[in-house]
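Letters A, B, ... are given to chains in the order of the sequence lines, protein chains preceding strands, and every chain is numbered from 1. We use all heavy atoms of the structure for the numbers below, so side chains are in, but hydrogens, waters and symmetry mates are not.
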Protein chains: 2
Amino acid sequence: MTETRERVQAWLTAFEAALHDRDVPRAAALFGADSFWRDLVAFSWNITTVEGPDGVTDLLTTRLADVDPGGFTIDGEPAEADGVTEAWLRFETRVGRGTGHLRLRDGRAWTLLTTLRELKGFEEGRPQGVEHELRPGRRSWREERETEEQTLGYEQQPYVVVIGGGQGGIALGARLRQLGVPALVLDRHERPGDQWRGRYKSLCLHDPVWYDHLPYLPFPKNWPVFAPKDKIADWLEMYTRVMEVPYWSKAEVRSARYDAAAGRWQVTVDRDGESVVLRPAQLVFATGMSGKANYPSLPGQDVFRGEQHHSSRHPGPEAYRGRKVVVIGSNNSAFDICGALWEHDADVTMVQRSSTHIVKSASLMEIGLGALYSEEAVEAGVSTERADLIFASLPYRIMHEFQIPLYEQMAERDHDFYTRLEKAGFRHDWGDDGSGLFMKYLRRGSGYYIDVGAAELVADGRIKLAHGQVDHLTETSVVLADGTELEADLVVYATGYGSMNGWVADLVDRETADRVGKVWGLGSGTTKDPGPWEGEQRNMWKPTRQENLWFHGGNLHQSRHYSLYLALQLKARYEGLPTPVYRLAEVHHPG
Amino acid sequence: MTETRERVQAWLTAFEAALHDRDVPRAAALFGADSFWRDLVAFSWNITTVEGPDGVTDLLTTRLADVDPGGFTIDGEPAEADGVTEAWLRFETRVGRGTGHLRLRDGRAWTLLTTLRELKGFEEGRPQGVEHELRPGRRSWREERETEEQTLGYEQQPYVVVIGGGQGGIALGARLRQLGVPALVLDRHERPGDQWRGRYKSLCLHDPVWYDHLPYLPFPKNWPVFAPKDKIADWLEMYTRVMEVPYWSKAEVRSARYDAAAGRWQVTVDRDGESVVLRPAQLVFATGMSGKANYPSLPGQDVFRGEQHHSSRHPGPEAYRGRKVVVIGSNNSAFDICGALWEHDADVTMVQRSSTHIVKSASLMEIGLGALYSEEAVEAGVSTERADLIFASLPYRIMHEFQIPLYEQMAERDHDFYTRLEKAGFRHDWGDDGSGLFMKYLRRGSGYYIDVGAAELVADGRIKLAHGQVDHLTETSVVLADGTELEADLVVYATGYGSMNGWVADLVDRETADRVGKVWGLGSGTTKDPGPWEGEQRNMWKPTRQENLWFHGGNLHQSRHYSLYLALQLKARYEGLPTPVYRLAEVHHPG
């Protein structure tokens with residue numbers, strides 16, 4: 001046994017013994033003063049991070065007897081670098097099996113990640129498929145599927161209804177199907193994938209393929225690094241079909257009411273013109289971080305004679321050749337739309353309202369993601385699941401410290417680019433603390449552009465730049481706060497999206513939306529992410545202040561990874577397992 | 001270096017040196033008296049096996065200078081068991097890179113497999129997808145795809161036309177797309193997968209999932225072991241779409257003529273009512289081993305008042321509840337159809353015309369396939385590609401020697417079952433030499449049933465059994481050669497399929513079909529596989545006696561694995577590489 005392994009084994013043995021003896025102080029003393037235990041469902045029936053020995057004490061005092069953890073073993077070979085020892089762990093609880101990750105520093109735990117992988121007695125596996133025993137009346141797979149399609153939502157009520165059939169909804173739907181939880185995914189579009197098909201034509205994934213796999217069915221090895229939207233759309237449509245996700249297209253939710261006495265929702269759905277009332281126990285909003293458009297209200301919008309729409313409704317550039325277009329905003333959608341319009345000979349002006357963070361896609365791939373999500377990582381044996389867990393093992397409280405040096409590298413690598421960009425008048429930032437794109441994404445879900453080419457057009461003036469808030473519109477122009485007047489045939493509001501609990505206000509009621517509070521963000525106290533510190537992303541994939549109401553979504557990485565924890569929480573409730581939630585989050589912002 | 005590795009390295013060094021020196025006798029002397037060199041395209045631009053030092057001498061004398069092989073290295077760790085040393089190899093030729101497998105016995109080569117994996121300068125890889133450089137007029141993926149769909153087959157001629165869009169056609173189509181060879185797959189059904197959807201409802205894969213993956217996109221880990229036909233159909237449809245296989249549904253080929261002077265085919269297609277003439281250079285028949293039904297011609301078929309159809313047209317059991325059904329035949333389809341009819345309360349009689357080989361699916365999986373295609377194999381690191389190559393490394397001449405002991409094990413394991421079956425009057429065999437199912441499949445493509453439950457119904461008499469050839473039909477019955485009269489409301493002819501060159505006779509002409517000769521079979525001199533010995537399967541995946549005419553197909557394993565070699569042969573021709581074919585097979589049977 002290597003010395004490194006011995007060190008991990010010694011810690012683990014002491015930890016397990018303390019847990020076994022229900023000796024909370026002894027267990028807590030194994031954690032350093034600055035330490036973090038992040039638990040994904042395994043100990044807490046929640047997604048939560050506790051800090052330091054006090055946090056560990058609180059978690060264990062509340063949960064230890066019930067969780068009854070044990071069977072801690074080291075998985076693979078521990079590694080050591082810069083005074084930090086890292087190891088993968090396996091463990092069990094009373095009800096499930098888990099995977100863990102441990103970082104030791106000076107003999108104590110610095111970070112511990114515990115994640116639930118499966119519930120005992122409800123393990124996922126490969127079904128046998130067709131039975132090899134004949135009997136009268138045996139029904140075929142197609143017959144079973146047809147019956148299910150006819151009865152689900154009518155004679156048979158789903159246990160879970162998922163609102164929204166994008167990547168988040170179907171990833172969760174696939175997991176619930178595999179776990180045998182009756183679920184139904186509702187989506188208002190004509191067919192799966194239309195969430196992508198309907199967007200502006202130049203849209204593509206800005207994250208590379210290794211980051212984007214869905215559960216169970218990874219993209220094939222000949223899938224492009226950056227898939228165009230229509231190819232993604234085809235994939236999502238086929239995924240829905242082959243994973244047998246129960247899915248209603250053309251189904252728009254009109255309202256949802258919770259009957260606390262019955263523990264059931266009443267969800268009224270317009271299904272292609274027919275009004276259907278569903279009565280699921282659990283309701284999941286997977287309406288997308290980019291689901292609820294912020295459409296600004298501006299003086300003069302009613303007199304403006306040109307066309308105006310939110311970026312989410314932008315049809316693409318074809319109709320605007322030779323026309324004057326003003327795009328309000330300077331984040332991802334704004335750049336994509338401006339770039340495509342320029343490619344089609346429109347006269348484009350981008351209005352930058354506040355400073356924006358830009359990273360070049362190639363730099364982000366190499367420096368930001370390469371170690372975990374790349375062909376090299378795959379070849380080095382870092383599976384997608386491993387990469388997801390490594391990522392998850394970094395507590396949000398200190399994640400920026402890991403991110404800052406990466407963005408310093410990018411700043412250096414692309415120094416000329418940033419110089420040109422700023423010379424062109426573009427206001428660029430690296431986040432309040434220099435921690436760059438991913439922290440901005442987690443904290444506020446906005447404020448950045450992953451450059452896939454359009455930033456160069458701003459840098460060299462081919463896309464024109466203006467600054468400031470819009471004061472009003474005239475019949476033919478947009479007037480900014482400083483009086484600048486921009487002639488416009490089309491105004492695109494690339495003004496982003498509101499918190500997902502806006503959908504709760506629309507479909508349930510304002511009171512429930514406020515009780516649940518803002519969705520997304522960490523409470524970091526940085527721009528657009530007011531404190532206090534939350535420890536985890538608000539309301540995502542975990543119990544909320546409204547019983548049986550959940551939020552799911554995020555990018556493809558998050559949809560893939562966190563759908564597991566949400567699915568296990570729903571499965572446990574479906575099977576009637578006790579699921580006492582540790583430290584249900586306080587709500588500090590109604591949203 | 002281990003002793004085993006040293007032994008392999010010594011042989012390999014000597015082999016490479018002899019090849020480098022163009023010293024054919026020295027190279028041939030490295031092969032044992034009973035030895036086999038199987039080459040898949042790398043040395044021969046053919047699929048061929050040469051035997052003994054004389055065979056090696058012939059191959060190298062003809063091909064060595066042109067192939068210019070080198071760079072032989074051992075891949076992974078060689079293994080030794082029972083006096084045989086096995087090793088994986090890599091090597092290069094003038095035009096490509098290859099993978100090899102070697103078995104040494106008494107210091108000399110016993111078996112050598114050489115396979116071409118890729119052509120230099122035309123390596124497959126992951127495309128970048130969306131370009132990260134904006135320019136006026138840049139077109140989106142969807143626009144490019146739409147243009148291709150509109151022009152392919154009209155303004156743009158495909159280089160390859162593939163007739164038949166089942167698993168074989170689309171596996172080849174996917175590889176050709178990835179290799180950048182303009183191809184078009186034609187299929188007469190409404191949509192991809194209908195080749196399966198349209199079959200009898202109880203049809204399922206009798207091979208387990210690990211054996212059935214298609215290229216690039218393996219089934220997900222939650223795919224059933226034995227997939228029902230409609231689920232496979234959905235997968236094939238999805239596969240066609242996401243792999244961007246150029247595919248015309250509702251396209252029926254009416255005729256094909258080869259213009260030798262132009263080196264082009266003229267293929268007349270009925271595309272959903274429109275007559276289109278295609279002019280590809282290469283024409284591939286992927287019409288299926290089970291593509292051309294044998295519909296027997298019997299006296300009285302015209303007077304029979306009931307219903308009669310070939311098994312391939314059998315709609316399933318629903319309409320035959322309480323009816324008398326006679327099924328002619330006792331292979332896979334016959335058993336499947338009889339079983340489903342019995343499940344629906346039909347009165348079923350199976351007419352066995354000749355003895356049949358049956359193995360229980362579970363036994364075949366465990367004993368026959370388990371070492372290569374199973375969850376255990378995957379966990380032991382045997383990837384699908386590795387398994388395919390191990391399988392390919394066993395020369396057909398001696399393959400039965402490896403198979404016989406497996407079937408002896410199965411006979412013992414299922415002794416009671418076979419006793420009951422024979423007691424019920426079923427005539428059972430293990431192949432002429434006891435080598436079982438897979439050899440029957442390779443030799444004659446018929447004569448067996450993988451038992452997924454229906455054999456038990458014959459064993460216990462719930463499916464009735466009769467014997468002999470059909471003499472004639474009356475208005476209400478089937479009369480056998482021995483005078484037995486079987487009342488029938490429905491007669492199903494589960495009488496198998498003809499050689500694929502029957503399609504050539506129909507679409508090109510009889511003369512070409514005869515010149516090409518019988519497709520499938522090894523010339524083993526066993527029942528329905530007359531000699532002389534061919535060494536490889538007749539006409540499959542390799543050049544035929546008709547220039548630019550090819551056959552592709554087989555089960556999912558073969559469609560996956562051999563599509564690579566066929567695709568590389570087509571790619572080489574498309575790129576204008578010289579492709580001199582070593583030892584084009586003689587034709588001994590017109591088919």
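Distance check, rounded to the nearest 0.5 Å: CD1 of B:I463 to CG of A:L134 gives 7.5 Å. Remark: A:W141 CH2 to B:D234 CG distance equals 4.5 Å, nearest 0.5 Å. Between B:D230 atom CG and A:R145 atom CZ the span is 10.5 Å, to the nearest 0.5 Å. How far CG of B:L217 is from CG of A:L217: 5.5 Å, rounded to the nearest 0.5 Å.
Of the listed residues (A:E244, A:K229, A:R462, A:R139), the one with the most heavy-atom contacts under 4.5 Å to chain B is A:E244. Between chain A and the residues B:P220, B:A340, B:G125, B:S140, the most heavy-atom pairs under 4.5 angstrom are made by B:P220. Contact count versus chain A (heavy atoms, under 4.5 Å) is highest, among B:K231, B:H344, B:E131, B:E133, for B:K231. Of all the listed residues (A:G129, A:P224, A:P208), the one sharing the greatest number of non-hydrogen pairs under 4.5 Å with chain B is A:P224. Looking only at heavy-atom pairs under 4.5 Å with chain B, the residue among A:R126, A:M238, A:K360, A:E143 that has the most is A:R126. Between chain A and the residues B:D345, B:V209, B:L205, the largest count of heavy-atom pairs under 4.5 Å involves B:V209. Highest contact tally toward chain B, considering only A:F219, A:W235, A:Y216, A:Y239, is held by A:Y216 [criterion: heavy-atom pairs under 4.5 Å]. Interface summary for chain B: among A:R138, A:M243, A:R241, A:R197, the most heavy-atom pairs under 4.5 angstrom belong to A:R241.
Residue contact with chain A, scored on non-hydrogen atoms closer than 4.5 Å, involves the side chain of B:E318 exclusively. In this structure, chain A has heavy atoms under 4.5 Å from both the backbone and the side chain of B:Q128. Only the side chain of A:L457 comes within less than 4.5 Å of a heavy atom in chain B; its backbone stays farther off. In this structure, chain B has no heavy atom under 4.5 Å from any part of A:E456. Contact annotation for B:P218: only backbone heavy atoms (N, CA, C, O) come within less than 4.5 Å of a heavy atom of chain A.
Contact check on A:K221 versus B:E124 returns no salt bridge, with no Lys/Arg side-chain nitrogen under 4.0 Å from an Asp/Glu carboxylate oxygen. Checked for salt-bridge contact, B:E343 and A:R135 miss the test: no charged N lies under 4.0 Å from a carboxylate O.
The residue from A:V452, A:D451, A:I450 that alone fulfils the side chain to side chain contact (heavy atoms under 4.5 Å, CB included) condition with B:H132 is A:V452.
Scanning both residues, B:W342 and A:P136, for their nearest heavy atoms gives CH2-CD, 3.4 Å.
With a 6.0 Å radius and a threshold of 12 heavy atoms from other residues, nucleotides or ligands, B:E148 has its CD atom above the threshold.
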